[in-house]
Chemist: 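I'd like to ask some things about the structure below.
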Amino acid sequence: MDACRNAAHRSAWTVDVRRANYSAFNGYHRTPSPYSQVRCHTCGAVWRTKAAYVDELPDSPPRRACRACAGAADTACRICHQAYCGNCLTDHHHEGYGSPATG
Ligand SMILES: [Zn+2]
Ligand SMILES: [Zn+2]
Ligand SMILES: [Zn+2]
């Protein structure tokens, strides 16, 4: 996706994944990378960049990013209240439904 180029949106930019990426090719484990994933909460743009401005941007609120793939989370686990996208939530289970989540 193209980067947000509207300077007026800049205050709405946050960093989803800082200098790393999550790839399906390695099982969504965090892999160090010079690139960070930035999100504009005004227009919804998501892009990857290694520009210096990333250092000045805040981290995205955790509930906005899927815990598993760091994509946009559109739902949350009813048990542990972590944010997940629909796909990852399907694969997300707790042993002993209703017991407190650890970690
Ligand atoms: Zn924008
Ligand atoms: Zn996900
Ligand atoms: Zn859960």
Side-chain angles (χ1 to χ4, degrees):
M1 184 182 283
D2 289 340
C4 172
R5 303 193 188 285
N6 190 330
H9 291 181
R10 186 159 170 163
S11 63
W13 294 0
T14 62
V15 182
D16 287 343
V17 183
R18 202 178 283 276
R19 291 194 198 86
N21 57 54
Y22 291 84
S23 167
F25 297 111
N26 66 9
Y28 297 108
H29 292 135
R30 184 186 181 94
T31 304
S33 161
Y35 287 85
S36 299
Q37 180 175 300
V38 179
R39 178 180 303 270
C40 175
H41 293 277
T42 298
C43 67
V46 177
W47 67 100
R48 295 182 64 76
T49 180
K50 57 180 181 179
Y53 64 70
V54 169
D55 288 340
E56 298 165 16
L57 301 177
D59 289 332
S60 299
R63 64 187 179 83
R64 289 186 183 276
C66 174
R67 287 269 294 182
C69 71
D74 48 21
T75 187
C77 174
R78 290 172 54 200
I79 302 169
C80 65
H81 302 290
Q82 300 289 353
Y84 286 92
C85 71
N87 284 342
C88 295
L89 188 65
T90 302
D91 297 330
H92 173 73
H93 300 289
H94 290 272
E95 283 189 44
Y97 183 87
S99 63
T102 55

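Atoms within a ligand are numbered from 1 in the order they appear, just like the ligands themselves.
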Chemist: Of all heavy-atom pairs between S60 and H41, which one has the smallest distance, and what is that distance?
Modeler: OG-NE2, 4.4 Å
Chemist: How wide is the angle at the Zn ion (ligand 3) spanned by C80 SG and C77 SG, rounded to 10 degrees?
Modeler: 100°
Chemist: With heavy-atom distances below 4.5 Å as the criterion, would you say the side chains of V54 and R18 are in contact?
Modeler: yes
Chemist: To make sure I understand the geometry: which N, O or S atom in H94 is closest to the Zn ion (ligand 3)?
Modeler: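 Restricting H94 to its N, O and S atoms, the minimum distance to the Zn ion (ligand 3) goes to NE2.
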Chemist: Working to the nearest 0.5 angstrom, can you tell me the gap between R67 CZ and C80 SG?
Modeler: 7.5 Å
Chemist: Looking at the Zn ion (ligand 1), is one of the N, O or S atoms of H41 less than 2.8 Å from it?
Modeler: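 Within the cut-off used here (under 2.8 Å), H41 places no N, O or S atom near the Zn ion (ligand 1).
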Chemist: If I only include protein atoms of type N, O or S, how many are less than 2.8 Å from the Zn ion (ligand 2)?
Modeler: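 With waters ignored, the protein N/O/S count below 2.8 Å is 4.
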Chemist: Hey, is the Zn ion (ligand 3) within less than 2.8 Å of some N/O/S atom on H92?
Modeler: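 Here the distance criterion (N, O or S atom, under 2.8 Å) is met by H92, so yes.
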Chemist: Check the orientation of W13 and Y53. Use parallel for under 30°, tilted for 30 to 60°, and perpendicular for over 60°.
Modeler: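 The rings of W13 and Y53 sit tilted, inter-plane angle from 30° to 60°.
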Chemist: For the metal site, I want the angle between atom ND1 of H9 and atom SG of C4 with the Zn ion (ligand 1) at the apex, to 10°.
Modeler: 100°
Chemist: Between T14, V17, T49, which is the residue that forms a side chain to side chain contact (heavy atoms under 4.5 Å, CB included) with V38?
Modeler: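 Considering T14, V17, T49, a side chain to side chain contact (heavy atoms under 4.5 Å, CB included) with V38 is found only for T49.
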Chemist: Identify the heavy atoms of Q37 and A70 that sit nearest to each other, and give their distance.
Modeler: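 Minimum heavy-atom contact is NE2-O, 3.6 Å.
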Chemist: In Å and rounded to the nearest 0.5 Å, what is the OG1 to NE2 distance from T90 to H92?
Modeler: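 It comes to 11.0 Å.
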Chemist: Are the charged groups of D16 and R48 less than 4.0 angstrom apart, N to O?
Modeler: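 Looking at R48 together with D16, the answer is no, because their closest N to O distance does not fall below 4.0 Å.
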